Participant: 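Have a look at this one before I ask anything.
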Amino acid sequence: MAKSIDLKSTINLPRTSFPMKAQLPQREPQQLAEWEEQGIYRRILESRKNAPIFSFHDGPPYPTGDIHLGTGLNKICKDMVVKSKTMAGFRAPYIPGWDCHGLPIETKVEKDLGGKKHSVSAAEFRRMCRAFATKYVDQNRRDFKRLGIFGQWDHPYLTMDPEHEAVIAEAFLTFLEKGYAYKGLKPVYWCLHDRTALAEAEVEYENHTSPSIWIRYKVEEAPNLKVKRPGGGEFYALVWTTTPWTLPASMALAFHPDLEYVLAEVENGDVYIVAKGRVNAVQEETSLKFVKFSELVRGKVFEGAKFKHPFLERIEPGVLAEYVTLEQGTGIVHTAPGHGAEDFYTGQKYGIETYAPLDDEGRFVEGLLEYKGKTVFEANPFITQLLEERGALVGEAKLTHSYPHCWRCHNPVIFRATEQWFIDLQHDQLRERTLAEIEKVKWFPAWGEERMRKMVAERPDWCISRQRFWGVPLVVFYCEKCGELLRDFRALRNVVKWFEKEGADAWFTHSAAELLPAGTKCKCGASEFRKEKDILDVWFESGSTNLAVLKGEFWPADAYLEGPDQYRGWFQSSLLVAMGVRGRAPYKQIITHGWTLDAEGRPMSKSKGTGELPAEICEKWGADLLRLWVTSQDYQTDMRFSEAMMSQLAESYRKIRNTFRFVLGNLNGFDPARDAVAENELLEMDAWMLHRTAELIEKCRAWYDEYAFHRVFHALYDFLVVDLSAFYFDVLKDRLYTFARHNKARRSAQTAMYRIASALVRLIAPILVFTAEEVWKSLPRAAGDAPSVHMALFPTREELVHSASPNKNENWESLLQVREQALKKLEEARNSKLINSALEARVEMRASGKTLDLLKSYAAWLPQILIVSQVSVASANGAHASSAAAAGAAAAEMEVRHADGKKCERCWNYSVHVGESADYPTLCERCLVAIAEIESSANRGSA
RNA sequence: GGGCCUGUAGCUCAGGUGGCUAGAGCGCGCCCCUGAUAAGGGCGAGGUCGACUGUUCAAGUCAGUCCAGGCCCA
């Protein structure tokens, strides 16, 4: 008589409260609140109190608006560095910062003031800027935390903090004291109407009608030219300009070194130097008609030639400049270093004076009577007339073109050389020493070194002064009597103390007498001083953050990580400031991430509406999905973003989540301390999977070491999908579900699953910070487990594989190959309707040689590995198997038939033994054993 | 225009020092399962390796030119 029993209840199906649906947008904030309550960041650092330091230094973003995808990418990468280093056993604090001073905030505040800037005091204006920055710091901080980034959010560094401003001022004083800082002239945009310097961002291009004149400079001498006196008449260089007023400041004529020039003769025998590519245009736009041309010469021959200024007693040298083009003019550019940015650099290169004889209103303060005392725009026609009188004018017209205007008053602006502070890169070999230091830094990717080297090698002196308010003032005093700089550094450092107390605001609210110690005197004996009005370039400030933030053994930083724009920006400014102050680089490693692009590969932009906000992405997909986006691609190159990508990643995420969920469901009731199987009792397959996991761990740890996060992700994901979900876990189902709960073989499977999951969840924790924690909380606890996955250490190889374990790995690799062949055969059988489920199949294998031996010795495993009911192994006589075996692969001939016997009601395998038991006529022999085990343990009362 | 970088299947990635019919996962198509179930499994179709020209017995891999795109300058 058959026993009546609910067979289903004897099957161990997975059970877990770990939800299949992630609902990240809802669940993540709860996790954040929990972490906040636990003080996770402090606890992590506490747990690494005596660990070796990994000093990461955060590059400060600018708080003017919502954080963008690029900022999100930046911070997530940094967080992965910090978290992975923490899990690798380092003490890795993260102190986020903001770059608070500078023009963008000034202009926003100015806009709010609606043109009433001049009605508020500098101190009041600064107060408004501070309030503005504070508002966005708070907003950004909220968004960053939402991304799962751990750090010292309650005490970030702000460049506008008093202590920070004091460090910046101190750094400048060090530069001044060591002799790096000097005062020189440099052209800046200047508004004549408002009598003020303008930043690049403050000019707007509007149409403007300028004179367009063609003038000739007599050639005094051209030593590199073979022909000394071409033609029968005069010898000229022909020049075109739209700013006649810059001619009094004309100091050189610039040629392009590689362009071709001709000596073109006109009827009366005069000869003109003109770029070959402009000859026709010149004849169209001037009265000149060329009748004869010389051979071509390269522009470089005119370097060092001498030309006579058309109306001043001045001989101008020929110089070379790459920016000379054939788009307009004659291919020869009159160069006024005091009135043009390019001209200025050329002037610097050739050691030519930066001459700009104008006052604040743009009036000539020296020069000929024809224009002296007039403003530049008034002077234009008079200078043109002067040229004509001197016989230098060969063409005149009007030109309407795009010209820079003041954004406030909309008058045309000019370039005007003004006094500025510079850092001298030649002084004390600053440039050379910096170049040497660049070689010592490790660059990720490696091309960073070359990029930085070139930039530092070729950059001009650093202009560090700005004519603004919202920043740290240059701590410089001038003697009211003799005008000399105060160089009493003990006295100057008194100002730093003021800054520590009151911030840089002190500069604007206190007099020189208050800021300096009583009794401070100039060398001339006077004791009255005037404060410098300029503030420091904000890049000097951000370049000083390493000095302010990295204390003691945390300086220099182990790593900086920023976008590619920071080679010119923060990477460089930090390097130069640290070189000047401490004589070495402030970082050991530089990691660069790419730019964020849209699906078409174009830069994200707010105006085009392609800008994605991390906050919105978190609301729609969740922070872990954004982090998955960061990790799925190689962040060291440009990063594309699209909705399609996100939905694909969501699929990947689901797979990861479900695979972990499967483990958790099958570990239901599993207590590692009580149920784990000893190393030497693990089934061979389980031991092998631990070995494979160990290999994966080694690879992932190495990739984390070199910050190759996307490699970690792809490897983990592939392992999870292919090795675990599709193979191992699928195979394990039979053992987990149908074996008795306490059966050793089942416990062996659980032990392996537990150890693998514990390793994987830690490896993935820096990436999926929320999900990993969620899994960690549901994973069975072992003694000594960290309360948070983020406090845990990465798994090690030794943790998974004991050297004593028998190594049968090669056998298993071969069995995997056999499985692959079998799966194809099973698919054929399915398609021909021979079987549906693989369990309906019986696979007949024939092999020879080593493969035959292997298959025979693993005969008991084969049905499980293939998830079929029966496998038979026989010796092959055909040539097929042996040839394949010769190629190195384990190969067998195989055929699929319908399995013998009946389907077991409990385990669904087919067996000829079903029906042999009177008690359980629908069960197979394996299930009879299992039931017996279950019944006996039930009798002992230990469910 | 210059410096630096990127360009392998629809998507995201692998492919030391050049060497068999260029790999993976996802997606897609077809099929199976219904004891991971708004899950799970299998098979399959997709690439002239940005283009061209060289070097070589042999090039995704080396060299040159060009094209497309990015960062920073001008």
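Below, chains carry the letters A, B, ... as their sequence lines are ordered, and counting in each starts from 1. As a basis for the values below, the full set of heavy atoms in this structure was taken, side chains included, without hydrogen atoms, waters or symmetry mates. If you're wondering where the values come from, they're calculated on a predicted model, not measured in any experiment.
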Participant: Roughly, in whole Å, what's the span from NZ in A/K21 to C1' in B/U37?
Facilitator: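 So the two atoms are 15 Å apart, to the nearest Å.
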Participant: Consider the side chain of A/W595, meaning its heavy atoms from C-beta on, and name the nucleotide among B/U37, B/C71, B/C5 that approaches it most closely.
Facilitator: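 Shortest atom-to-atom distance from the side chain points to B/C71.
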Participant: Strictly below 4.0 Å: does A/K825 bring a side-chain N or O up to OP1 or OP2 of B/C43?
Facilitator: no
Participant: Let me confirm one number: the CD1-OH distance from A/I656 to A/Y717, rounded to the nearest 0.5 Å.
Facilitator: 6.5 Å
Participant: Rounded to whole angstroms, how far apart are CG on A/D718 and P on B/A24?
Facilitator: 10 Å
Participant: Take atom CE of A/M646 and atom C1' of B/U12, then tell me their distance rounded to the nearest Å.
Facilitator: 13 Å
Participant: Answer yes or no: does a side-chain N or O of A/R661 lie under 4.0 Å from OP1 or OP2 of B/U37?
Facilitator: yes
Participant: Which of the following nucleotides, B/U12, B/C32, B/A36, is nearest to the side chain of A/T659?
Facilitator: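 That would be B/A36.
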Participant: Let's see if you can work this out: which of B/G35, B/G40, B/U6 has an atom nearest to the side-chain heavy atoms of A/T738?
Facilitator: B/G35
Participant: Pairing donors with acceptors under 3.5 angstrom, does anything connect the side chains of A/N666 and A/Q750?
Facilitator: no
Participant: Could you say whether A/R654 or A/C907 is positioned toward the 5' end of RNA chain B, judged by the nucleotide with the nearest heavy atom to each?
Facilitator: A/C907
Participant: By nearest atom, which of the nucleotides B/G70, B/G42, B/C72 is closest to the A/R568 side chain?
Facilitator: B/C72
Participant: Going by modelled atom types, is there a donor-acceptor pair between the base of B/A36 and the side chain of A/T16 at under 3.5 Å?
Facilitator: no
Participant: Rounded to whole Å, please give me the gap between OH in A/Y653 and C1' in B/G27.
Facilitator: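 A/Y653 atom OH is separated from B/G27 atom C1' by 20 Å.
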Participant: Could you let me know what B/G29 is paired to, Watson-Crick or G-U wobble, both distances under 3.5 Å, or none if it's on its own?
Facilitator: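 Its partner is B/C43.
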Participant: First locate atom CD of A/Q636, then atom CD1 of A/I591, and finally report the distance between them rounded to the nearest 0.5 Å.
Facilitator: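 Between A/Q636 CD and A/I591 CD1, I get 7.5 Å after rounding to 0.5 Å.
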Participant: Of all the choices, B/A36, B/C26, B/C11, which nucleotide is nearest to the side chain of A/M645 once you look at every atom?
Facilitator: B/C11
Participant: Considering just the side-chain nitrogens and oxygens of A/H710, establish if one lies under 4.0 Å of OP1 or OP2 belonging to B/A14.
Facilitator: yes
Participant: Are any non-hydrogen side-chain atoms of A/V324 and A/F255 less than 4.5 angstrom apart?
Facilitator: no
Participant: Rounded to the nearest 0.5 Å, what separates atom CD in A/Q870 from atom CG in A/L862?
Facilitator: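 The CG atom of A/L862 is 13.0 Å from CD of A/Q870, to the nearest 0.5 Å.
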Participant: From A/W462 CH2 over to A/S573 OG, what is the distance, rounded to the nearest 0.5 angstrom?
Facilitator: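 It is 5.0 Å, given to the nearest 0.5 Å.
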Participant: B/G19 pairs with which nucleotide, Watson-Crick or G-U wobble, both distances below 3.5 Å?
Facilitator: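 WC or wobble partner is B/C57.
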Participant: From the list B/C72, B/G42, B/G25, which nucleotide is the closest neighbour of the side chain of A/R830?
Facilitator: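 Output: B/G42.
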Participant: Taking pairing as Watson-Crick or G-U wobble with both contacts under 3.5 Å, can you name the mate of B/G69, or confirm there isn't one?
Facilitator: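 With both distances under 3.5 Å, B/G69 matches B/C5.
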Participant: Between A/K454 and B/G3, is there a contact of a side-chain N or O with OP1 or OP2 at under 4.0 Å?
Facilitator: no
Participant: Among B/G41, B/U12, B/C26, which is the nearest nucleotide to the side chain of A/S725?
Facilitator: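 Looking only at heavy atoms from C-beta outward on A/S725, the closest nucleotide is B/G41.
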Participant: Select one nucleotide: of B/G40, B/G3, B/G35, the one nearest the side-chain heavy atoms of A/K733.
Facilitator: B/G40
Participant: Output yes when at least one side-chain N/O atom of A/R451 is less than 4.0 Å from OP1 or OP2 of B/C72, else no.
Facilitator: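 Indeed not, no polar side-chain atom of A/R451 lies that close.
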Participant: Could you pick out which residue, A/N831 or A/L597, lies toward the 5' side of RNA chain B when each is mapped onto its nearest nucleotide?
Facilitator: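 Looking at RNA chain B, the more 5' nearest nucleotide goes with A/N831.
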Participant: For A/E840 and B/G41, give me the distance from atom CD to atom P, rounded to whole Å.
Facilitator: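 Rounding to the nearest Å, CD of A/E840 and P of B/G41 are 19 Å apart.
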Participant: Taking atom P of B/C73 as reference, at what distance in whole Å does atom CD of A/Q566 sit?
Facilitator: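 Rounding to the nearest Å, CD of A/Q566 and P of B/C73 are 10 Å apart.
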Participant: For B/U48, give the paired nucleotide (Watson-Crick: N1-N3 plus N6-O4 or O6-N4; G-U: N1-O2 and O6-N3; both under 3.5 Å), or none.
Facilitator: none
Participant: Please report the interatomic distance NE2(A/H593) to CD1(A/I76), rounded to the nearest 0.5 Å.
Facilitator: 11.0 Å
Participant: Given B/G70, B/A14, B/C32, which nucleotide is nearest the side-chain atoms of A/P603?
Facilitator: B/G70
Participant: Check whether any side-chain N or O of A/R711 sits under 4.0 Å from OP1 or OP2 of B/G15, and answer yes or no.
Facilitator: yes
Participant: Of the options B/C33, B/G41, B/C13, whose atoms approach the side-chain atoms of A/H714 most closely?
Facilitator: B/C13
Participant: Does any donor-acceptor pair link the side chain of A/K824 with the base of B/G42 at a separation under 3.5 Å?
Facilitator: no
Participant: What is the distance from CG of A/D634 to C1' of B/C11, rounded to the nearest Å?
Facilitator: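 To the nearest whole Å, that distance equals 15 Å.
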